[in-house]
Amino acid sequence: MFLHLMIVNKSGGLIHHRALSPKAPKISTNEWLRIGSTFASLHAIAAAAASPLNCPNNKNAMGADDGIEEINAAGMILRCLQTRTGIKFVLTAEPNADLNLDAVLREIYVLYTDCALKDPFYELEMPIRCELFTQGIDNLIQRYDKLANNNNNISTGITIGRTGR
């Protein structure tokens with residue numbers, strides 16, 4: 001199950017955040033701002049520390065190849081997609097979730113480009129206040145949650161619904 005979504009601009013400012021599940025910890029707006037800027041700083045430090053180790057071939061087709069890509073912890077998985085323009089899409093999920101976080105992050109990036117960037121009232125580097133983007137995220141998360149629930153039911157042998165007689 002997904003927990004949080006955070007989008008950080010190239011200068012380290014938080015431009016979007018939201019809880020994606022009722023299980024997600026409650027975090028105040030000021031804490032979100034602090035988390036966003038701290039993550040951007042840690043991401044930059046990791047990129048600078050790893051620069052001599054970078055490979056000439058970029059393995060990440062959608063974004064940059066430097067900085068933090070994933071953090072595994074006891075209570076969550078954090079996955080980051082950095083675009084070529086420096087925007088970081090950060091998604092957290094429960095560690096036991098059988099989800100393709102990379103695919104979800106790429107779809108969120110497509111929603112961002114289709115909804116926010118095409119909005120004539122949206123200004124780059126500013127907070128995202130686009131209802132179409134919010135609805136798209138809701139639909140995406142619901143779709144992946146249903147897919148994860150169906151996979152869990154298949155793997156455990158649980159059937160849901162009516163049985164024919």
Side-chain angles (χ1 to χ4, degrees), residues 1-21 24-73 76-95 97 99-145 147:
M1 177 173 285
F2 300 105
L3 297 175
H4 287 107
L5 169 66
M6 172 174 61
I7 303 174
V8 180
N9 64 20
K10 63 183 171 189
S11 60
L14 186 68
I15 58 174
H16 188 78
H17 69 87
R18 59 187 296 196
L20 300 174
S21 164
K26 305 295 184 250
I27 301 174
S28 73
T29 303
N30 286 339
E31 289 170 328
W32 272 112
L33 292 170
R34 209 171 307 122
I35 290 168
S37 63
T38 302
F39 181 79
S41 300
L42 291 173
H43 194 276
I45 291 168
S51 62
L53 305 175
N54 282 343
C55 299
N57 298 330
N58 187 351
K59 65 179 174 162
N60 188 349
M62 292 293 285
D65 213 15
D66 56 353
I68 298 171
E69 288 184 3
E70 185 171 290
I71 297 174
N72 288 309
M76 68 157 202
I77 296 173
L78 180 142
R79 185 80 183 155
C80 176
L81 168 70
Q82 179 179 342
T83 66
R84 298 276 180 204
T85 57
I87 295 177
K88 294 161 209 58
F89 294 85
V90 181
L91 192 61
T92 61
E94 292 178 332
L99 301 165
N100 186 350
L101 297 180
D102 285 331
V104 177
L105 284 168
R106 285 191 296 272
E107 288 192 51
I108 291 170
Y109 178 46
V110 169
L111 282 171
Y112 170 74
T113 57
D114 285 347
C115 300
L117 292 182
K118 292 179 183 176
D119 183 350
F121 300 108
Y122 177 68
E123 293 182 36
L124 288 175
E125 306 293 315
M126 297 304 292
I128 301 169
R129 304 272 186 250
C130 177
E131 187 63 32
L132 191 59
F133 178 72
T134 303
Q135 290 172 354
I137 296 292
D138 289 341
N139 293 337
L140 177 70
I141 298 303
Q142 287 174 1
R143 190 176 83 221
Y144 273 94
D145 280 344
L147 182 65

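All figures in this text were calculated on a predicted structure; none of them were measured in a lab. All heavy atoms count here, side chains included; hydrogens, waters and symmetry mates do not.
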Student check: side-chain heavy atoms of Asp102 and Leu81 closer than 4.5 Å: no

If you round to the nearest 0.5 Å, how far is CD1 of Ile141 from CD of Glu107? 9.5 Å

Rounded distance [0.5 Å steps], CD in Gln82 versus NE2 in His43: 4.5 Å

From Ile128 CD1 over to Ile7 CD1, what is the distance, rounded to the nearest 0.5 angstrom? 4.0 Å

Point-to-point distance, once rounded to the nearest 0.5 Å, from OG1 of Thr83 to NZ of Lys88: 8.0 Å

Should the heavy atoms of other residues, nucleotides or ligands under 6.0 Å from CZ of Arg143 be counted, would the total exceed 12? yes

OG1-CG distance between Thr113 and Leu111, expressed to the nearest 0.5 angstrom: 8.0 Å

Is Phe39 close to Leu78 at the side-chain level, that is, under 4.5 Å between some pair of heavy atoms? yes

More than 12 heavy atoms of other residues, nucleotides or ligands under 6.0 Å from CD of Glu123: yes or no? no

State, to 0.1 Å, how close Glu94 and Ile77 come at their nearest heavy-atom pair, and which atoms those are. O-CD1, 4.2 Å

Say whether Asn30 and Ser28, considering side chains only, have a donor N or O and an acceptor N or O under 3.5 Å apart. no

Under the criterion side-chain contact (heavy atoms from CB on, under 4.5 Å), I'd like the reasoning laid out for Ile27 against His4: C-alpha separation, chi angles, the key distance, then a yes or no. CA-CA 10 Å; Ile27 301 174; His4 287 107; 3.9 Å; yes

Salt bridge (Lys or Arg N to Asp or Glu O under 4.0 Å) partners of residues 5-15, not counting sequence neighbours, each pair once: none

Measure the shortest side-chain to side-chain distance between Ile87 and Tyr109 over non-hydrogen atoms and say whether it is less than 4.5 angstrom. no

Heavy-atom check, side chain of Gln142 versus side chain of Asp145, under 4.5 Å: no

How many angstroms lie between atom CG of Asn72 and atom CZ of Arg79, to the nearest 0.5 angstrom? 9.0 Å

Given side chains that start at C-beta, do those of Ile137 and Phe2 come closer than 4.5 Å, heavy atoms only? no

Minimum-distance pair of heavy atoms, taken over all atoms of Gly12 and Ala40: CA-CB, 3.5 Å

Determine the minimum heavy-atom distance between Tyr144 and Ala103, stating which atoms define it. OH-CB, 3.8 Å

Evaluation steps, side-chain contact (heavy atoms from CB on, under 4.5 Å), between Leu124 and Leu117: CA-CA 8 Å; Leu124 288 175; Leu117 292 182; 3.5 Å; yes

Minimum heavy-atom separation for Leu3 to Ala24, with atom names? O-CB, 3.3 Å

Side chains of residues 13-20: which donor-acceptor partners sit under 3.5 Å, not counting sequence neighbours?
{"from": "His17", "atom 1": "ND1", "to": "Trp32", "atom 2": "NE1", "distance (Å)": "3.3"}
{"from": "Arg18", "atom 1": "NH1", "to": "Thr134", "atom 2": "O", "distance (Å)": "3.4"}
{"from": "Arg18", "atom 1": "NH1", "to": "Asp138", "atom 2": "OD1", "distance (Å)": "3.2"}
{"from": "Arg18", "atom 1": "NH2", "to": "Asp138", "atom 2": "OD1", "distance (Å)": "2.4"}

